[in-house]
Amino acid sequence: MSDAIRRELPKVYEPAAVEKRIYALWQDGGYFGARPFAKNEDGSARKPFTIVIPPPNVTGQLHMGHALDETWQDVLIRFKRMQGFETLWVPGTDHAGIATQIKLEEHLRKTEGLTRYDLGREKFVERVWEWKREYGSRIVEQLKSLGSSCDWSRERFTMDEGLSRAVREVFVRLYEKGLIYKGNRIINWCPMCRTALSDAEVEYSEKLGHLWHIRYPVKDSDEYLVVATTRPETMLGDTAVAVNPEDKRYSHLIGKTVILPLVGRELPIIADEYVDMEFGTGCVKITPCHDPNDFEVGKRHGLEEVLVLDEKAVVNENGGVYQGLERYEARKKIVEDLEKGGYLVKVEDHNHNVGECYRCGNTVEPITSDQWFVKMKPLAGPAVEIVKSGKIKFVPERFTKNYINWMEGTRDWCISRQLWWGHRIPAFYCDDCGHMHVSREDITECEKCGSVNIRQDEDVLDTWFSSALWPFSTLGWPDRTDDLDYFFPTDVLVTGYDIIGFWVSRMIFSSVEHMGKEPFHTVLIHGLVRDAQGRKMSKSLGNGIDPMEVIEYYGADALRMALLIGNSPGNDMRFSDEKIESMRNFANKLWNASRYVLMNLSIDEIKLPETLRPEDKWILSRYNELVGEVTSNMEKYEIGLAAQKLYEFLWETYCDWYIELTKQRLYSGGDDKRNAEKVLAYVLAGTLKLLHPFMPFITEEIWQSLPGEKTALIVAKWPEYDCSLDFADIEGDVESVMSAIRLIRNRRAEMNVPPSKKASVQLLTEKREIFESMMDSFCRLAYASEVVFLDSPPAELRGYTTAATDDTRIFIPMSQLVDAQKEIERLERELARAEKDLQAVSRKLQNEGFLTKAPAEVVASEREKEKSIISVIEKIKENLEALR
RNA sequence: GGAGGCAUAGCUCAGCUGGGAGAGCACCUGCCCCACACGCAGGGGGUCACAGGUUCAAGUCCUGUUGUCUCCACCA
């Protein structure tokens, strides 16, 4: 098989043909599956490494944000798997309450002209399940085509049986501890979704509105107060007017009443610190049922609560003649009537922040309503502590502050939603005696009066209530399972900074509360993927790039690399065609380098040869350094850096230099050829391992063609830094030859000499030995027809072009191309440049402070540098002298 | 109002614990050299936003300024 592939490897890498086959190979091999309490071959316990996926919406489609998120996770999982950890990546999907419900409602409206109310709750929910069955696998398939090595046997859904049990258990526990309560409080209400929202689900955007100034006459007086409002319709629910207690302008009126225009209700004038004397007139109308601050004021002063809007934001029976008007119609009518009645003082343009539903985008109304809440204070404290203690680390570190601010500032969490799709609240009401049961099991009979007139609470829970439990509910909690014992706490959570409040914080306090432990030790935060212009990718802008199309056209590996390379945690990135193309090119480069090596391979086992030539030692040494650096980068989550180093090593070090340096040997045959093959294959194999977490498909495909290997690359052992491959002492020698080659190429390029025109090269060098041992390669790469070693410079330098490194003077006779005068000028420029460099170094070395305070190795390296520059300068000078 | 990010080559961005200013793309020159034109060789191009400070040494640490983006809070 491997011979066949070797011969048939196409010239251009074709990802589509490879990826499906390779993914099947991994799945059939069972490499994704994790076993609790697994043992190593020697019988020792294997360490677990666990990631739970941020569950995408079950009916959603993969977008670039997911692609980035999943790729980072897969890189970590594959890296740890190769390092010998028992890795578990738990996949799954979220029922996404509002999002999914809205999606289906839209679908129903478009295709059948029905609303959810036409169907009724039971039928509607059944339709959502059907929808889920139909589309739920789509995103899972998309994850697979990215290469995600999840343990699919453990796939979970937030509404499957086990997770629903966890949700119910948590609800009941918190209720029994008094940490969940039901109350009539002010909440954010979306009139389109007709549900309550949590604070986190409201997004604010600045909009130009108006500030209406309205006159409220003081009862039995000629005086009046002027209040300002951005929402005149809420005046129907006013139950007081407040002023600041320090405000001398109004102190005489405190305790009196005003008459509410259009309504006629008498409102007390109260004093409250909340009022800012500087803003507007210093008088505030108080509407406890429709403004969160007013609600607090109302509680402090025992004010009447008048709710004037219903669940569709239509004025209700408390709105008198305005009943039945939608909120904006009511606003218009009320403003007209105020004007007619002479109550309207003025109207100003006013920029203010309007809260919008994060799912449907409509303006939310603050209204009082019966809802369920999680009491946050007792939960937030320990959740802050566990982060401060260092048991959970954010990467990058700055997001710690972000988290702590969120946690400390958070108010009670409104968890009830007036939706149909979700976990129904396990509260049961007795219609006869009014008793409420909160129970783990469904109730059919009232525990208090025995009545069977029992109904369950209509509301469902906030989607995030179930995702908050994800790290342990997916492992079997509330049962005590092997998975839970072995894999929990999980290790790294990978997610975007945009859901720290929604999700990360809630997982942390939930885990601390119910598991008594942190859910993970590291939160790896990434930024958003933006388009080439830096805009957020969104459906409405139509600027989203579909990762599936990218995969189809360029391959999953190219997509992954494009998302990884040069990206650093917490920072947004731009995604562009150029980037993906350059990564496709990189994949192709790897492909062709491998194809070349495989074509030339006659060995049947990858093993280093007994004797190594200098360039072999050089590449092994460089490779070995790479192993150390990449491993250390990975451990510090510097994935983008690691990717970049691999890119450079493979392309520049391995392909552009090592492959070129060994070509002559491969053509020559014999032991020398076989030794070169061995080193080429060894380094290629090692690089494939290092690259595998980043580009799993192409590396596995190539790996399968390598001789002698039995196991799949996905479970190959991650390379370790190897002291026996450290040939630092010889690196300098090889670099000397490389420097000479570069200079010669440079000289030729400047004179536009084509590679086909070879020239004689004469060397006066301190390192004759290394040049001699690399003679064939040197000639090839320096386009030399012959190399002559000199003991002294040529007597006459006219007609030569020259160059110098710190150990070698190079003379190339090119009489027809070299103008002696121009050559002199060029050398003078070079000399000037070198002398400038020398000055900089010498200045440092003459600085007393530098010599005494800088680390010895830094001083030593500066001395080396000085010596080297001096040596180059001397040689340039000699060349110049000879020319003049 | 509070917090934070970013400001480095024409564009997009790396630069980890202070000591060489870098990559990709674009650009210029020359090359189809028996792995790759999705390529090879060579090259130009940067007061690392600005002003101070710490240090022998600062793109890298500290302070301030300007510009820009984001998150949180929300004053009617």
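Within the nucleic acid shown, A:Tyr667 comes within 4.0 Å of sugar-phosphate atoms alone, with no base atom in reach, counting heavy atoms only. In this structure, A:Arg843 reaches neither bases nor backbone, as no heavy-atom distance under 4.0 Å exists between it and the strands shown. Nucleic acid contact for A:Arg584: base, since at least one base atom lies under 4.0 Å from a heavy atom of the residue. A:His290 comes within contact range of no nucleotide atom at all, as no heavy-atom separation falls under 4.0 Å. Within 4.0 Å of A:Val227, counting heavy atoms only, lies no atom of the nucleic acid at all. A:Gly566 comes within 4.0 angstrom of sugar-phosphate atoms only, judged by non-hydrogen atoms across all strands, and of no base. Using a 4.0 Å heavy-atom criterion, one finds that A:Asn567 contacts no nucleic acid atom at all. A:Cys283 comes within 4.0 angstrom of no nucleic acid atom, judged by non-hydrogen atoms across all strands.
A:Arg506 is linked by a side chain to side chain contact (heavy atoms under 4.5 Å, CB included) to A:Ser198, A:Ala200, A:Trp406, A:Trp413, A:Asp462, A:Trp464, A:Ala468, A:Phe502, A:Phe509, counting only residues two or more places apart in sequence or in another chain.
Within the structure, the salt bridge (Lys or Arg N to Asp or Glu O under 4.0 Å) test picks out the following pairs touching residues 641-660 of chain A (sequence neighbours left out): A:Glu629-A:Lys645, A:Glu660-A:Lys663, A:Glu660-A:Arg780.
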Which donor-acceptor pairs under 3.5 Å do the side chains of residues 849-858 of chain A make with protein atoms, sequence neighbours left out?
unit_1	atom_1	unit_2	atom_2	d
A:Thr852	OG1	A:Glu848	O	3.0
A:Thr852	OG1	A:Gly849	O	3.3

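In this structure, A:Leu646 atom CG and B:A14 atom C1' are separated by 15 Å, rounded to whole Å. Regarding A:Lys663, its NZ atom lies at a distance of 8 Å from the P atom of B:C36, rounded to whole Å. When the P atom of B:C33 is taken as reference, atom CD1 of A:Ile659 falls 18 Å away, rounded to whole Å. Separating the CG atom of A:Asn405 from the C1' atom of B:G2 is a distance of 8 Å, rounded to the nearest angstrom. Distance A:Phe279 CZ to B:G1 P: 14 Å, rounded to the nearest Å. When the P atom of B:C36 is taken as reference, atom CG of A:Leu590 falls 15 Å away, rounded to whole Å. Spacing between atom CE of A:Met573 and atom P of B:A14 amounts to 9 Å, rounded to whole angstrom units. The separation between A:Asp199 atom CG and B:C71 atom C1' is 15 Å, rounded to whole Å.
Here the separation of B:G15 from B:A9, taken at their C1' atoms, is 14 Å to the nearest Å. Using P as the reference atom, B:C31 and B:A49 are 41 Å apart when rounded to the nearest Å. Between the P atoms of B:U65 and B:G24, the separation comes to 39 Å (whole Å). The separation of B:U70 from B:C13, taken at their P atoms, amounts to 14 Å, rounded to a whole angstrom. For B:G2 and B:C48, the P atoms lie 32 Å apart once the distance is rounded to whole Å. When the P atom is used for both B:G43 and B:U54, the distance is 41 Å, rounded to whole Å. Rounded to the nearest Å, the gap between the P atom of B:A21 and that of B:C62 is 23 Å. Rounded to a whole angstrom, the distance from the P atom of B:C25 to that of B:C40 is 10 Å.
Along RNA chain B, the nucleotide nearest to A:Ala593 and the one nearest to A:Leu851 differ in position, and the one closer to the 5' end is contacted by A:Ala593.
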At a cut-off of 3.5 Å, list every protein nitrogen or oxygen paired with a nitrogen or oxygen from nucleotides 16-25 of chain B, distance to 0.1 Å.
unit_1	atom_1	unit_2	atom_2	d
B:C16	O2'	A:Glu638	OE2	3.3
B:C16	O2	A:Glu638	OE1	3.4
B:G24	O2'	A:Ser582	OG	3.3

Identify all pairs in which a protein N or O lies below 3.5 Å from an N or O of nucleotides 43-45 of chain B, and state each distance.
unit_1	atom_1	unit_2	atom_2	d
B:G43	OP1	A:Asn746	ND2	3.0

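Side-chain N/O atoms of A:Arg398 include none lying less than 4.0 angstrom from OP1 or OP2 on B:G5. Considering only side-chain N and O atoms, A:Tyr553 lies nowhere under 4.0 angstrom from the phosphate OP1 or OP2 of B:C38. OP1 or OP2 of B:A76 has not a single side-chain nitrogen or oxygen of A:His213 nearer than 4.0 Å. Phosphate proximity of B:U70 to A:Lys536: absent, as no side-chain N or O sits under 4.0 Å from OP1 or OP2. Phosphate proximity of B:A14 to A:Asn571: present, with a side-chain N or O under 4.0 Å from OP1 or OP2. Put simply, A:Ser568 has a side-chain N or O that comes within less than 4.0 Å of OP1 or OP2 on B:A14. Proximity of A:Arg745 to the phosphate of B:C33: no side-chain N or O atom is located under 4.0 Å from OP1 or OP2.
Checked against A:Met64 for a side chain to side chain contact (heavy atoms under 4.5 Å, CB included), the options A:Leu528, A:Leu559, A:Asp531 give a single hit: A:Leu559.
Here the shortest heavy-atom pairing between A:Met537 and A:Ile545 reads SD-N, 3.6 Å. Closest approach of A:Val308 to A:His290, counting heavy atoms only: N-NE2, 3.0 Å.
For A:Lys11 against B:C36, a side-chain-to-base donor-acceptor contact under 3.5 Å is absent. One N or O donor and one acceptor, one from the side chain of A:Asn353 and one from the base of B:C74, sit under 3.5 Å apart.
Residues A:Thr229 and A:Met235 are not in side-chain contact: their nearest non-hydrogen atoms beyond the backbone lie 4.5 Å or more apart. Contact check for A:Tyr403 versus A:Ser505: side-chain heavy atoms found under the 4.5 Å cut-off. Using a 4.5 Å heavy-atom threshold, the side chains of A:Asp238 and A:Val227 count as separate. No side-chain heavy atom of A:Trp591 sits under 4.5 Å from any side-chain heavy atom of A:Val12.
Of the possible donor and acceptor atoms, one in the side chain of A:Arg748 sits under 3.5 Å from a partner among the backbone N and O of A:Pro754. Listed for the A:Asp247 side chain is no donor-acceptor partner under 3.5 Å among the backbone atoms of A:Met277.
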Under a cut-off of 3.5 Å for both distances of each Watson-Crick or G-U pair, what dot-bracket string does RNA chain B give, using [ ] for crossing pairs and | for inter-strand pairs?
-> (((((((..((((.....[..)))).(((((.......))))).....(((((..]....))))))))))))....
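Among the nucleotides B:A35, B:A76, B:A3, the one closest to any side-chain atom of A:Met599 is B:A35. Across B:A41, B:C56, B:C38, the shortest atom-to-atom separation from the side chain of A:Asn847 is found for B:C56. In this structure, of B:A35, B:A76, B:C33, it is B:A35 that holds the atom nearest to the side chain of A:Tyr596.
A salt bridge links A:Glu830 with A:Arg826: the distance from a Lys NZ or Arg NE/NH1/NH2 to an Asp or Glu carboxylate oxygen falls below 4.0 Å.
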Determine, step by step, whether A:Glu296 and A:Arg300 satisfy the salt bridge (charged side-chain N to carboxylate O under 4.0 Å, His left out) criterion, reporting the C-alpha distance in whole Å, the side-chain angles of both residues, the deciding distance to 0.1 Å, and the verdict.
-> CA-CA 6 Å; A:Glu296 298 299 326; A:Arg300 280 201 288 277; 5.1 Å; no
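Aromatic ring orientation, A:Trp651 versus A:Phe586: parallel (interplanar angle below 30°, classes split at 30° and 60°).
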